[in-house]
Amino acid sequence: QVQLVESGGGLVQPGGSLRLSCVASGSMFIAYEMGWYRQAPGKERELVATISTRGRTNYADSVKGRFTVSRDNAKTTMYLQMNSLKPEDTAAYYCNARSPPAGVSNSRLDYWGQGTEVTVSS
């Protein structure tokens with residue numbers, strides 16, 4: 001079982017910056033692929049960024065060049081640095097941890113945090 005706790009959300013003006021953090025419990029953090037997702041009111045949850053166990057990153061087109069995902073395995077923490085924020089970035093941001101494939105079916109488990117709200121508004 002993995003528990004994830006996000007922090008760092010808040011209200012920021014357009015063009016501003018925020019850094020989100022996701023602290024994971026357990027010693028298996030280093031083996032988990034991590035990711036940030038977001039969900040705006042009335043919309044489906046969407047991928048923002050992922051980071052593999054080896055540090056390979058992947059971003060949604062809408063945040064490329066503005067957001068940076070990173071991880072500190074020693075601190076079992078993942079970060080999302082968000083710069084040049086836009087009103088359309090307003091959403092609840094969720095941390096995700098995905099276990100490595102296991103068993104004959106290579107099944108994976110997904111764990112989610114409770115979310116942190118980001119509001120971009122003047």
Side-chain angles (χ1 to χ4, degrees):
Q1 188 75 12
V2 175
Q3 292 185 327
L4 305 170
V5 179
E6 303 101 330
S7 63
L11 173 64
V12 63
Q13 292 185 342
S17 298
L18 283 175
R19 189 175 83 152
L20 306 183
S21 299
C22 171
V23 179
S25 65
S27 60
M28 293 298 293
F29 177 84
I30 195 169
Y32 282 70
E33 179 179 307
M34 300 295 296
W36 288 99
Y37 290 74
R38 67 186 182 187
Q39 187 168 18
K43 295 188 177 181
E44 294 186 353
R45 190 172 296 189
E46 64 176 4
L47 170 72
V48 175
T50 61
I51 184 165
S52 73
T53 57
R54 296 185 178 184
R56 182 177 299 174
T57 58
N58 178 58
Y59 296 93
D61 288 343
S62 60
V63 307
K64 281 181 181 177
R66 300 188 298 122
F67 290 10
T68 303
V69 61
S70 61
R71 63 190 296 166
D72 184 334
N73 291 333
K75 295 182 178 180
T76 65
T77 301
M78 175 180 63
Y79 303 97
L80 184 68
Q81 179 66 44
M82 304 186 295
N83 298 328
S84 302
L85 282 161
K86 305 176 181 180
E88 51 263 44
D89 295 317
T90 296
Y93 283 72
Y94 295 91
C95 173
N96 169 262
R98 175 164 289 184
S99 68
V104 295
S105 61
N106 288 325
S107 61
R108 307 181 76 171
L109 296 176
D110 280 298
Y111 299 93
W112 296 92
Q114 82 288 349
T116 186
E117 292 284 342
V118 172
T119 302
V120 185
S121 175
S122 55

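Hydrogens, waters and symmetry mates are skipped; everything else that's a heavy atom, side chains included, is used. Keep in mind that what you see is a predicted model, and the values were worked out from it rather than measured.
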(request) Assess the side chains of Asn58 and Arg56: does a donor N or O sit below 3.5 Å from an acceptor N or O? (result) no

(message) Does the Lys NZ or Arg CZ of Arg66 fall within the cation-pi geometry relative to Tyr59 - under 6.0 Å from the ring centre and within 45° of the axis?
(response) no

(request) Examine Met82 and Val23 and state if one hydrophobic cluster contains both, with Ile, Leu, Val, Met, Phe, Trp and Tyr joined whenever side-chain heavy atoms are less than 4.5 Å apart. (result) no

(request) Count the heavy atoms belonging to other residues, nucleotides or ligands that lie under 6.0 Å from CD1 of Ile30, then report whether that count exceeds 12. (result) no

(message) Taking Leu4 as the starting point, is it possible to reach Tyr79 by hopping between hydrophobic residues whose side chains are less than 4.5 Å apart?
(response) no

(message) What's the separation between atom CD1 in Ile51 and atom CD in Glu33, rounded to the nearest 0.5 Å?
(response) 10.0 Å

(request) Considering non-hydrogen atoms only, spot the tightest contact between Ala31 and Pro100 and give its length. (result) O-CD, 3.5 Å

(request) Can you measure from OG1 (Thr76) to CZ (Arg71) and round to the nearest 0.5 angstrom? (result) 10.0 Å

(request) Answer yes or no: is there a side-chain heavy-atom contact under 4.5 Å between Val69 and Thr50? (result) no

(request) Heavy atoms only: give me the nearest Ser17-Ser84 pair and the separation to one decimal. (result) OG-N, 4.4 Å

(request) State plainly whether one hydrophobic cluster holds both Leu85 and Leu11, where clusters connect Ile, Leu, Val, Met, Phe, Trp and Tyr through side-chain heavy atoms under 4.5 angstrom apart. (result) no

(message) Return the CG to OG distance between Asp72 and Ser70, rounded to the nearest 0.5 Å.
(response) 8.0 Å

(request) Kindly compute the distance separating OH (Tyr111) from OG (Ser25), expressed to the nearest 0.5 Å. (result) 9.5 Å

(message) Can a donor-acceptor pair be found, under 3.5 Å and without considering hydrogens, that links the side chain of Glu6 to the backbone of Cys95?
(response) yes

Would you tabulate the side-chain donor-acceptor contacts of residues 39-46 under 3.5 Å, counting partners in other chains and residues two or more places apart, or write 'none'?
unit_1 : atom_1 : unit_2 : atom_2 : d
Gln39  : NE2    : Lys43  : O      : 3.1
Glu46  : OE2    : Arg38  : NE     : 2.7
Glu46  : OE2    : Arg38  : NH2    : 3.3

(request) Could you tell me whether Asp61 and Lys64 make a salt bridge, using a distance below 4.0 angstrom between a side-chain N and a carboxylate O? (result) yes

(request) Answer with yes or no whether the hydrophobic clustering places Val5 together with Trp36; edges join I, L, V, M, F, W, Y residues whose side-chain heavy atoms lie under 4.5 Å apart. (result) no

(message) So if I apply the side chain to side chain contact (heavy atoms under 4.5 Å, CB included) rule between Phe67 and each of Leu80, Thr57, Asn83, Leu20, which one comes out positive?
(response) Leu80

(request) Classify the angle between the aromatic ring planes of Trp112 and Tyr94 as parallel (below 30°), tilted (30 to 60°) or perpendicular (above 60°). (result) perpendicular

(request) Say whether, by atom type as modelled, one donor and one acceptor occur between the side chain of Gln13 and the main chain of Ser122 under 3.5 angstrom. (result) no

(request) Please check if the side chain of Arg108 supplies one atom and the backbone of Ser99 the other of a donor-acceptor pair under 3.5 Å. (result) yes

(message) Quick check: is Tyr37 connected to Met78 through a chain of hydrophobic side chains (ILVMFWY, heavy atoms under 4.5 Å apart)?
(response) no

